[in-house]
Amino acid sequence: MHPLAQKVQEIFAKKFNRPCRIFFSPGRINLIGEHVDYNDGFVMPCAIDKGMYYAIAPNETDIINIYSREFDEMLTVKVNNIKPDEEWKNYVLSVMNEFQLAGKKIKGFDCVIGANIPSGAGLSSSAALEGGLAFALNELFAYGYSREKLAFLCQKAEHGYPKVNCGIMDQYANMFGKENEAILLDCKKLKHDYLPLELGEYSIVLINSKVHHALAASAYNTRRSECDTGIKIIRENSSFKSFRDIGNSEVLQRFEEKMGKYVWKRCTFVVDEIQRTREAAKLLKHKKIKEFGALLFKSHDGLSELYKVSCAELDFLVKQARSNEDVIGARMMGGGFGGCTINLVRTTGKEKFIESTLAAYKKEFQNAAESYDVVTSEGTHEVLNA
């Protein structure tokens, strides 16, 4: 058993003095396809081995008790009094609220949550938090939801109390991840294929900038609104119905005047990123890893220059990666304005890359970045009957 799974089981026994079930809910990386899940695009996420462990059991009352090991906080609420709160509590409360809105009866339960995924790093700790509880409640109370239905419920939960208007990628990867596989998710049709993630002599290294600029949440919703404006103009002035129908972003030049500079740039990025992700899938299938890595650099350029969701720290980290001969691809990952870069690094040069990058970052920003090795994982699942 994973040490953290054992720890949450021990905490549960100490606090609630009875057996429990253990579930693991993973975070995710996204190889390529950023900010296009809410634009009918294609994304390429993987579930990872960092996430959240849930120890949970029904308590035969009308009281819900959820203890967060990381925050050392207990949430206690009656099943008939679920309402918004703050911070991490809003995510779990919103999951329970969505089950109730769907006509599912929430019964009393006790729960302990333990995480080994950094918050605010762009690894979707929020989807891990939502997915673990939703999956566990579905099992405990036999709601009969499929993984797809749970993913949608968790997306609605994030739209709810936390008020983050996210796409479906994070929750989908949380539910459908597979070890040694990437998911190619068609976000319009909600169909997915698995791609073998065979990186050969290369490894995935994440560098966490350890910054999370306050702009992130509001900018995410602004970008989504700008894209909505852009696609409306496209539909009104052409036969295109979706960004994915536009094979080349040069086509958008004819809409630039109507869109205005900012909306046009956002839409240009979206069209380019959808095409990059399609190309990346072909390259992975044919194990052309160096060419795949080159697309990551191009993705970052678009995120930084056109979509404007990068920041000085992330740009610096990608610049460092570009200058290292052992790195074949790197980009910012996640919503932006902080969090992690994802780097494809030759395994033999990995330690040297990490050491030099962290040292250069510390010198530049007087702030200590962190590195994480990650491997792929199964989606949310039960790991122990206890």
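Remember, predicted model here, so these are calculated numbers, not experimental data.
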Measuring centre to centre across the rings, with the benzene-like ring taken for any Trp, is H192 within less than 6.0 Å of F176? yes
Residues, nucleotides or ligands: over 12 heavy atoms within 6.0 Å of K104 NZ: yes
For atom CD of E325, decide whether the heavy atoms of other residues, nucleotides or ligands shown that lie under 6.0 angstrom number more than 12. no
Do [X] and [Y] have side chains that approach each other closer than 4.5 Å (heavy atoms only, starting at C-beta)?
X    : Y    : answer
V43  : N30  : yes
L314 : V318 : no
N138 : K149 : no
K105 : V79  : no
E158 : S126 : yes
V36  : F42  : no
H381 : F23  : no
I231 : D40  : no

Electrostatic pair [X]:[Y] at N-O distance under 4.0 angstrom:
X    : Y    : value
E273 : R276 : yes
D301 : R331 : no
D186 : R244 : yes
K350 : D373 : yes
E226 : R223 : yes
R28  : D170 : yes
R21  : E382 : yes

Do we see a donor-acceptor contact under 3.5 Å between the side chains of N174 and T380? yes
Which of W264, Y220, F269 passes ring pair (Phe, Tyr, Trp, His ring centres under 6.0 Å) with Y307? It is F269
Passes ring pair (Phe, Tyr, Trp, His ring centres under 6.0 Å), F316 versus F365? Steps please. CA-CA 10 Å; F316 179 84; F365 295 104; 5.5 Å; yes
Does K7 make a cation-pi contact with Y53, if we ask for NZ or CZ under 6.0 Å from the ring centre and within 45° of the axis? no
One pair to check against ring pair (Phe, Tyr, Trp, His ring centres under 6.0 Å): Y145 and F99. What are the steps and the verdict? CA-CA 10 Å; Y145 277 28; F99 274 123; 5.5 Å; yes
